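Working notes for the structure below.
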Amino acid sequence: MSLWNYKFWKSSQFTFSSLVCKCLALVVAALVLRAVLFRSFLGFDVNGKPIGSDNLARVLDKNVDYGIRRDKFLEVPQIVWGLNNQKIAFARACLTARMLNRTLLMPSLSASLFYKEIDQLQPISFDKVFQFRKFNSICNGFVRLGQYSELLNQTEVLEMQKGSGRKWTLARDLDQLKEFSTNQYDQYEVIRIVGKHPFLWHDHWPIKDYAKIFEGLVLVDEFAKEAERVISKIRAVGREFSDNQVLAKKGEVDNEDSTKFSSIPYMAVHMRIEKDWMIHCKKLEQRSNINEICSSKEEIIQRVANIKAVNNPTVVYLAVADSLLEDNTILSGWKDGLLPFEKKKLGVSHIYDKYPYLIKSAIDYEVCLRADVFVGNSFSTFSSLIVLERTQKTISMGVPSSCNNNVGWPSYAYNVMGDLDGPKKWFTNMSDTSLQAVSYGSNRVSC
Ligand SMILES: *[C@@H]1O[C@H](CO)[C@@H](O)[C@H](O)[C@H]1NC(C)=O
Ligand SMILES: *[C@@H]1O[C@H](CO)[C@@H](O)[C@H](O)[C@H]1NC(C)=O
Ligand SMILES: *[C@@H]1O[C@H](CO)[C@@H](O)[C@H](O)[C@H]1NC(C)=O
């Protein structure tokens with residue numbers, strides 16, 4: 001469940017209905033005014049190119065690529081909500097620190113999903129989940145994470161109060177960042193961000209910048225090994241199946257032959273069909289006038305069956321909400337040659353059960369990220385982040401993201417109809433100037 005989307009939907013719905021109650025002309029007027037203000041705020045650079053997020057950041061911090069100050073810090077509140085929201089909020093904290101040319105003091109993440117009562121949020125230090133040094137080495141020269149032990153003992157702290165609500169616009173947020181990145185605050189060793197809902201910080205950065213940060217998020221060994229165990233189990237059931245096929249064909253197992261067949265691919269399907277998602281997505285469809293957001297179980301199964309690039313047999317790992325593990329019907333109806341498993345049938349529930357929400361989610365994320373083929377919902381932030389990383393991995397292999405081949409890390413969106421009644425091929429548009437499509441969902445999946 002994407003709380004982020006939910007929250008966004010709630011607030012937008014409120015805005016929307018109250019405006020409609022007044023009159024349509026007011027809406028139009030407001031939209032025109034907003035467009036004018038937004039445009040004039042953005043301005044244009046000397047080449048006549050609009051100064052959008054990334055250009056603006058560059059104008060502000062010409063020298064930022066030459067290094068981040070190691071003796072000036074930014075402190076942010078505990079990072080909260082779902083895994084995806086935490087990743088995005090963490091990236092925003094990093095990019096804010098980068099704008100201020102400061103080192104980000106390593107923040108706490110939240111192990112649990114409680115989001116109403118801050119005291120139930122089980123803080124967990126960033127380096128208990130992701131590798132601290134690896135992050136700094138991957139992001140070297142771009143952003144830097146620091147430890148509290150690096151602070152002097154007479155630290156000068158300046159509080160930076162973030163606003164919230166509708167009046168706290170993108171422009172105001174950016175003005176504040178601009179102000180705090182001037183040298184008048186250099187005497188403060190630490191700038192501490194305070195305020196509610198830092199995860200709603202406005203988005204001033206191009207998608208490439210987010211991708212760099214996400215690349216630096218490598219799970220600590222303990223959890224990476226758990227993900228590895230789940231993946232080995234998936235590979236093992238595939239191997240077992242193909243060995244049995246060889247056995248059936250030849251009447252006996254010849255060791256050399258069976259290894260030939262031993263590696264069968266796996267596909268991960270992030271199947272969002274639980275009740276609260278269905279309610280949320282139906283409302284989103286009504287509000288946005290898009291009918292490609294919700295997919296039923298039947299539609300997902302049918303579209304996945306029509307992916308031509310997938311060989312038979314293939315193990316299908318179903319990444320589903322825990323509430324669906326009791327529903328055996330998700331395992332039936334799959335095309336011959338597709339072998340569906342979720343964590344229960346796979347016999348890996350005990351691995352997940354040891355951990356709090358955040359870690360469970362991070363393990364599932366890793367399993368989906370490394371699948372031969374991934375199929376998700378383009379309105380889910382979890383799916384969208386996976387596709388973003390898979391696109392990035394494909395590009396770094398030197399493969400141009402092409403909608404027509406299956407080299408690299410192919411992904412599909414089952415909620416959008418593609419070729420031959422299959423799901424639509426899906427890439428993240430790495431030239432996008434904001435994270436909008438990833439954090440709020442979109443049915444434009446670049447293919
Ligand atoms: C950022 O700090 C580095 C020193 O670590 C300095 O060389 C660079 O000029 C600074 N950039 C800005 C925009 O302040
Ligand atoms: C504070 O600084 C002094 C000298 O600079 C040092 O001796 C002392 O150990 C420091 N205290 C802490 C708590 O770091
Ligand atoms: C990707 O984003 C850029 C910038 O927003 C846009 O110009 C381009 O048309 C997009 N490409 C696709 C394939 O959607």
Side-chain angles (χ1 to χ4, degrees), residues 1-2 82-84 113 219 223-242 244 264-278 281 294-305 307 310 312-377 379-387 390 411-415 423:
M1 166 74 185
S2 170
L83 172 73
N84 332 300
L113 191 52
L219 286 180
F223 306 139
K225 277 191 192 126
E226 299 290 32
E228 190 56 56
R229 281 171 72 192
V230 176
I231 293 169
S232 310
K233 195 72 207 256
I234 295 173
R235 298 272 184 213
V237 298
R239 217 159 26 238
E240 205 174 299
F241 180 84
S242 65
N244 287 342
I264 77 168
Y266 85 92
M267 164 160 66
V269 181
H270 179 220
M271 210 167 171
R272 301 232 46 188
I273 51 168
E274 68 277 16
K275 230 192 210 149
D276 49 356
W277 164 263
M278 288 319 264
C281 76
C294 307
S295 285
S296 64
K297 177 177 66 190
E298 290 73 20
E299 185 172 79
I300 297 171
I301 291 177
Q302 199 211 332
R303 287 196 176 158
V304 167
I307 302 178
V310 169
N312 283 345
T314 290
V315 178
V316 180
Y317 175 71
L318 302 173
V320 292
D322 282 351
S323 60
L324 289 170
L325 295 176
E326 302 311 316
D327 174 3
N328 284 325
T329 67
I330 63 169
L331 293 170
S332 56
W334 294 87
K335 186 176 83 167
D336 274 356
L338 295 182
L339 318 167
F341 285 86
E342 23 69 333
K343 36 180 161 312
K344 213 166 119 195
K345 184 177 169 200
L346 206 54
V348 295
S349 297
H350 65 283
I351 298 180
Y352 289 86
D353 289 346
K354 286 193 282 189
Y355 296 113
Y357 155 79
L358 184 72
I359 307 305
K360 281 189 177 117
S361 198
I363 295 173
D364 243 10
Y365 186 93
E366 201 65 21
V367 174
C368 291
L369 186 64
R370 288 161 58 182
D372 298 284
V373 174
F374 173 73
V375 193
N377 187 306
F379 281 84
S380 148
T381 320
F382 185 87
S383 291
S384 300
L385 281 180
I386 288 167
V387 174
R390 290 172 67 93
S411 309
Y412 297 84
Y414 58 65
N415 57 309

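Note that the structure is predicted; figures quoted are calculated from it, not measured.
- A donor-acceptor contact shorter than 3.5 Å is absent between the side chain of Tyr317 and the backbone of Asp364.
- Each of Arg370, Glu366, Lys233 was compared with Glu228 under the side chain to side chain contact (heavy atoms under 4.5 Å, CB included) criterion, and only Arg370 meets it.
- Across every non-hydrogen atom of Ser296 and Ile273, the tightest pair is C-CG2, 4.2 Å.
- Remark: Lys354 NZ to Ile363 CD1 distance equals 8.0 Å, nearest 0.5 Å.
- Leu369 has its side chain within reach of Arg390: a pair of non-hydrogen atoms, C-beta onward, lies under 4.5 Å apart.
- In this structure, the separation between OG on Ser361 and CG on Leu113 is 8.5 Å, given to the nearest 0.5 Å.
- One finds a salt bridge joining Asp372 and Arg235 here, because a Lys/Arg side-chain nitrogen approaches an Asp/Glu carboxylate oxygen to under 4.0 Å.
- Between Ile300 atom CD1 and Asn415 atom CG the span is 8.5 Å, to the nearest 0.5 Å.
- Using a 4.0 Å cut-off between charged side-chain N and carboxylate O, Glu226 and Arg229 make a salt bridge.
- Atom CD1 of Ile351 and atom CD1 of Ile359 lie 14.0 Å apart (nearest 0.5 Å).
- Within a 6.0 Å radius of CG in Asp336, other residues, nucleotides and ligands contribute 12 heavy atoms or fewer.
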Val230 and Lys343: CA distance, side-chain angles, deciding distance, side chain to side chain contact (heavy atoms under 4.5 Å, CB included) verdict: CA-CA 8 Å; Val230 176; Lys343 36 180 161 312; over 6 Å; no
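- Rounding to the nearest 0.5 angstrom, the gap separating the CG atom in Asp353 from the NZ atom in Lys360 is 6.0 Å.
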Check against side chain to side chain contact (heavy atoms under 4.5 Å, CB included), Phe374 and Ser383: CA-CA 9 Å; Phe374 173 73; Ser383 291; 3.9 Å; yes
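- Proximity of Asn377 to Phe382: side-chain heavy atoms (C-beta onward) are nowhere separated by under 4.5 Å.
- At least one side-chain heavy atom of Val304 sits less than 4.5 Å from a side-chain heavy atom of Leu338.
- By the 4.5 Å heavy-atom criterion applied to side chains, Lys344 and Glu326 are counted as neighbours.
- The distance from atom OG of Ser295 to atom CZ of Arg272, rounded to the nearest 0.5 Å, is 12.0 Å.
- Considering only heavy atoms from C-beta on, Phe341 stays 4.5 Å or farther from Ile234 through its side chain.
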Side chain to side chain contact (heavy atoms under 4.5 Å, CB included) assessment of Ile386 paired with His270: CA-CA 10 Å; Ile386 288 167; His270 179 220; 5.8 Å; no
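- Residues Asp322 and Tyr352 have side chains not in contact (no heavy-atom distance under 4.5 Å, counting atoms from C-beta outward).
- Between Lys345 and Val237 there is no side-chain heavy-atom pair separated by less than 4.5 Å.
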Worked check of side chain to side chain contact (heavy atoms under 4.5 Å, CB included) between Val373 and Thr314: CA-CA 10 Å; Val373 174; Thr314 290; over 6 Å; no
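- The two residues Pro340 and Trp334 come nearest to each other via the heavy atoms CG-CD1, 3.5 Å.
- Checked against a 6.0 Å centroid threshold, the rings of Phe223 and Tyr355 count as neighbours.
- At least one side-chain heavy atom of Asn312 sits less than 4.5 Å from a side-chain heavy atom of Lys335.
- Counted by atom type alone, Asn84 and Tyr365 present zero donor-acceptor pairs between their side chains at under 3.5 Å.
- Among all heavy-atom pairs drawn from Glu274 and Ala321, the shortest one is CD-CB, 3.9 Å.
- Heavy atoms only, all atoms of each residue included: Phe241 and Pro313 are closest at CE2-CB, 3.4 Å.
- Considering all non-hydrogen atoms of both residues, Pro423 and Ala413 come closest at CB-O, 3.4 Å.
- Annotation for Leu324 and Met271: closest pair CD1-O, 4.4 Å, computed over non-hydrogen atoms.
- Of the options Cys368, Ser380, Ser411, a side chain to side chain contact (heavy atoms under 4.5 Å, CB included) to Val387 is made by Ser411 and by none of the others.
- In summary, the side chains of Lys297 and Thr329 do present a donor paired with an acceptor at a separation below 3.5 Å, with no hydrogens or angles considered.
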